[in-house]
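Just so it is clear: chains get the letters A, B, ... in the order the sequence lines come, proteins before strands, and each one is counted from 1. Reckoned from all heavy atoms, side chains included, excluding hydrogens, waters and symmetry mates.
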Amino acid sequence: MANMKAAIPKGTRDFNPKQMGRRNYIFDTLKKVFKKYGYQEIQTPTMENLDTLTGKYGDEGDQLIFKVLNSGDYLAKVGTALADLKSQALSPKIAEKALRYDLTVPFARYVVMHQNEISLPFKRFQIQPVWRADRPQRGRYREFYQCDVDVVGSASLLNEAEFICIYDEALSNLGLTDFSIKINNRKILTGISDVLGKPESIIDLTVAIDKLDKIGFDGVQTELLSKGFNTSDIEQLKPIILLSGNNASKLESLKLILATSPTGLQGINEIYTVLNYLTNFTLQNAKVELDLSLARGLNYYTGCIFEVKTHQATMGSIGGGGRYDNLTEMFGQAGLTGVGISFGADRIYDVLDELNLFSASAEQSTQVLICVLGQYEETYSLSVLNHLRKQNIAAELYPFGTKIKKQMQYANDKNIPYAIIVGNEEMKTGKLTFKNMLTGQQQMMSAIEIEKHLLTQS
RNA sequence: GCGGUCGUAGCUCAGCUGGUUAGAGCACUGGUUUGUGGUGCCGGGGGUCGUGGGUUCGAGCCCCAUCGUCCGCCCCA
């Protein structure tokens with residue numbers, strides 16, 4: 001084969017041992033919290049049938065789905081003359097599978113397929129990569145991990161409240177101290193468009209006001225005017241989305257504004273209920289804010305909507321979620337409501353990295369390296385090595401034949417905190433040289449003493 | 001899908017208005033008193049200047065194309 005350049009696809013990344021240590025630290029921290037709240041792990045295939053995914057994320061979303069070319073003579077099945085087909089019409093004919101775009105839709109499919117074996121409410125978490133054919137940017141990759149926690153089969157708003165607790169606990173455990181959990185409700189957004197008398201334009205309306213903090217009210221106004229809203233609509237809208245004050249006072253004002261919209265009032269009620277549930281729990285760092293301009297995941301969310309933003313770094317949202325009432329209906333099982341949240345692990349990684357919040361312990365694997373001067377020393381040391389491992393101490397022995405200098409360098413490069421040196425003298429006395437790589441200090445200790453010392457360290 | 005930016009050693013970059021053998025720091029590697037890393041000192045290897053065309057006596061530098069990067073828009077974790 002001709003020489004080819006070693007490369008990986010755009011928007012994907014390799015992870016080295018140091019990065020994997022840190023990534024696993026994030027996953028482990030999240031998992032621990034998820035389990036604590038009663039969630040169980042599942043996984044779904046990398047590929048789904050293309051028609052499982054299409055139509056769930058809107059037109060823009062559909063275009064970002066990575067499709068998998070059929071095997072074999074895929075053109076044979078096309079049937080029509082190729083030249084007559086547009087790409088969009090061609091792709092479902094030559095690609096029947098696609099890489100998953102998120103974890104929520106595959107989860108809905110899972111629930112329907114396995115409905116007879118799960119008992120409701122079903123609480124699951126799932127940590128797997130997803131793929132989007134998006135243009136890469138800061139904090140945006142084509143392959144990235146989502147960490148989803150969802151519950152289906154429970155309409156209780158206690159779930160929503162608990163998700164806020166999960167966000168707070170997980171992100172706090174990771175060392176973040178300043179972040180907001182924004183909450184809104186799709187029904188409130190519906191109420192607003194009802195009051196304006198433009199229920200059919202809810203998507204345009206919400207997409208525009210979602211950009212409020214980015215482009216300001218003037219920007220939103222410009223966008224709305226271009227979407228067919230008139231100035232009196234905007235005058236009416238202005239006091240609503242610019243509502244300020246604490247959550248309670250916002251809700252009070254909103255109640256008056258949306259008085260004529262039953263749906264809107266219901267949305268307000270749901271927020272009330274969630275906030276009320278929350279008073280029974282203590283949050284460590286999260287600020288819970290009602291944000292009427294929050295409009296995520298409109299293609300399937302029907303109730304509460306969440307989004308998490310850190311104030312410690314410039315980064316898009318590091319998590320989001322909401323309630324969806326109809327997702328399983330698309331797969332033939334109606335009447336099942338679900339609610340869930342997602343953590344963007346790769347973005348969280350970038351934030352923790354930027355803030356220097358990874359501790360060294362997330363990275364080191366081996367705790368002690370045994371360095372030997374020759375073959376006899378190696379043989380002598382194997383029982384020491386064996387004992388250390390039996391005590392659950394991560395230990396390795398550098399096979400003989402390499403200079404001590406090189407072995408120490410290995411320990412240093414690998415961030416191994418302790419080294420044991422075994423030579424003639426050590427074998428004679430049974431006292432091994434035990435070196436702390438951090439301080440550089442070393443002393444002679446028996447294997448037993450070293451073991452004890454290492455056990456008290458961890 | 002649209003707009004901009006950049007592309008020189010493994011990494012971060014320098015290279016003046018085009019002019020002989022393309023440089024630095026870090027990394028790597030060897031040595032530096034006996035069996036000792038991270039700090040010091042001395043030496044060494046490594047680049048067809050993203051790729052393909054073109055202009056020119058001559059191109060890392062100019063032009064075109066192409067691929068890739070990073071950033072913004074759309075959208076989103």
For this session: Using the side-chain hydrogen bond (donor to acceptor under 3.5 Å, both in side chains) rule, take A/Asn173 and A/Thr29 through it: C-alpha gap first, then chi angles, then the decisive distance, then the call.
Result: CA-CA 7 Å; A/Asn173 288 355; A/Thr29 304; over 6 Å; no
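- Residues A/Cys147 and A/Phe27 have side chains in contact (heavy-atom distance under 4.5 Å, counting atoms from C-beta outward).
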Between protein and nucleotides 28-31 of chain B, what N or O pairs are separated by less than 3.5 Å?
from: B/G31; atom 1: OP1; to: A/Lys403; atom 2: NZ; distance (Å): 2.9

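- Residues A/Gly11 and A/Leu64 both approach RNA chain B. Their nearest nucleotides, taken by heavy-atom distance, put A/Gly11 toward the 5′ side.
- Of the nucleotides present, none pairs with B/G35 by Watson-Crick or G-U wobble criteria with both distances under 3.5 Å.
- Nucleotide B/G44 forms a Watson-Crick or G-U wobble pair with B/C28, both donor-acceptor distances falling under 3.5 Å.
- Ion pair A/Glu169/A/Lys36 flagged as a salt bridge, since at least one NZ, NE, NH1 or NH2 atom sits closer than 4.0 Å to an Asp/Glu carboxylate oxygen.
- Pairing partner, B/C49: none, since no Watson-Crick or wobble contact has both distances short of 3.5 Å.
- Summarising the geometry, the separation between CD1 on A/Ile348 and P on B/A77 is reported as 13 Å, rounded to the nearest angstrom.
- Across all strands shown, A/Ser317 has heavy atoms under 4.0 Å from sugar-phosphate atoms exclusively, and none from any base.
- Defined by atom type and a distance below 3.5 Å, a donor-acceptor pair is present between the side-chain atoms of A/Thr366 and A/Glu396.
- For B/A9 and B/G1, the P atoms lie 29 Å apart once the distance is rounded to whole Å.
- As rounded to the nearest Å, B/U33 and B/C16 have C1' atoms that lie 49 Å from one another.
- Shown here is A/Tyr74, whose OH atom has no more than 12 heavy atoms of other residues, nucleotides or ligands within 6.0 Å.
- Proximity of A/Lys211 to the phosphate of B/C75: a side-chain N or O atom is located under 4.0 Å from OP1 or OP2.
- The side-chain hydrogen bond (donor to acceptor under 3.5 Å, both in side chains) search around A/Glu48 returns A/Arg109, not counting sequence neighbours.
- Put simply, CG on A/Asn16 is 13 Å from C1' on B/C11, counting in whole angstrom units.
- Rounded to whole Å, the separation between the P atoms of B/C64 and B/G72 comes to 27 Å.
- In terms of position on RNA chain B, the residue among A/Gly320 and A/Ile421 whose nearest nucleotide sits closer to the 5' end is A/Ile421.
- Between the base of B/G37 and the side chain of A/Asn412 there is a donor-acceptor pair shorter than 3.5 Å.
- Using a 4.0 Å cut-off between a side-chain N of Lys or Arg and a carboxylate O of Asp or Glu, A/Lys187 and A/Glu270 qualify as a salt bridge.
- A sub-4.0 Å separation between OP1 or OP2 of B/A77 and a side-chain N or O of A/Lys309 is absent.
- A/Lys182 has its NZ atom 15 Å from the P atom of B/C76, to the nearest Å.
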Exercise. Would A/Ser172 and A/Phe179 satisfy side-chain contact (heavy atoms from CB on, under 4.5 Å), going step by step from the backbone distance to the final call?
Worked result: CA-CA 9 Å; A/Ser172 297; A/Phe179 53 91; 3.9 Å; yes
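- Taking the 5.5 Å centre cut-off and the 30° plane limit, the aromatic side chain of A/Phe144 is classed as stacked on B/A77.
- Residue A/Gly61 is classed as having no contact, given no heavy-atom separation below 4.0 Å to the nucleic acid.
- Rounded to whole Å, the separation between the P atoms of B/C63 and B/U55 comes to 15 Å.
- Among the heavy atoms of the strands lying under 4.0 Å from A/Tyr141 is at least one base atom, whether or not backbone atoms are also near.
- Looking at heavy-atom distances under 4.0 Å, A/Glu377 makes no contact with the nucleic acid at all.
- Remark: the A/Asp150 side chain and the A/Tyr39 side chain contain no N/O donor-acceptor pair separated by less than 3.5 Å.
- Using atom C1' as the reference point in both B/A22 and B/G60, the two lie 8 Å apart (nearest Å).
- Within the 4.0 angstrom heavy-atom criterion, base atoms lie near A/Gly139.
- A/Ser293 and A/Asp210 share no side-chain donor-acceptor pair at under 3.5 Å.
- Taking atom CZ on A/Phe27 and atom C1' on B/A77, their separation rounds to 12 Å, with Å as the unit.
- The side chain of A/Lys214 lies closest to B/C76 when the candidates are B/G37, B/C70, B/C76.
- Nucleotide B/G38 holds its P atom 15 Å from the CD atom of A/Gln442, rounded to whole Å.
- The side chain of A/Met408 has B/U36 as its nearest neighbour among B/C75, B/U36, B/U69.
- One C1' atom belongs to B/U32, the other to B/G50, and the distance between them is 41 Å to the nearest Å.
- Taking atom C1' on both B/G3 and B/A77, the two are 24 Å apart, rounded to the nearest angstrom.
- Counting any heavy atom pair closer than 4.0 Å across all strands shown, A/Ile318 reaches sugar-phosphate atoms only and no base atom.
- At a cut-off of 3.5 Å, with distance as the only test, no side-chain donor of A/Tyr301 or A/Asn184 sits close to an acceptor on the other residue.
- A salt bridge links A/Asp178 and A/Lys287; the closest N-O separation between the charged side-chain nitrogens and carboxylate oxygens is under 4.0 Å.
- In this structure, OH of A/Tyr398 is placed 12 Å from C1' of B/G37, rounded to the nearest angstrom.
- Comparing B/G7 with B/C13, their C1' atoms sit 12 Å apart, to the nearest whole Å.
- When each of A/Asp233, A/Leu196, A/Thr190 is tested with A/Leu205 by the rule side-chain contact (heavy atoms from CB on, under 4.5 Å), just one qualifies, namely A/Leu196.
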Detail all sub-3.5 Å separations between protein N/O atoms and N/O atoms belonging to nucleotides 1-3 of chain B.
from: B/C2; atom 1: N4; to: A/Arg135; atom 2: NH1; distance (Å): 2.9
from: B/G3; atom 1: O6; to: A/Arg135; atom 2: NH1; distance (Å): 3.3

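- Separating the CG atom of A/Leu103 from the P atom of B/A77 is a distance of 11 Å, rounded to the nearest angstrom.
- Residue contacts shown for A/Gln407 are absent, as no nucleic acid heavy atom lies under 4.0 Å away.
- What separates CZ of A/Phe434 from C1' of B/U36 is a distance of 15 Å, to the nearest Å.
- A/Lys435 comes within 4.0 angstrom of a base, heavy atoms only.
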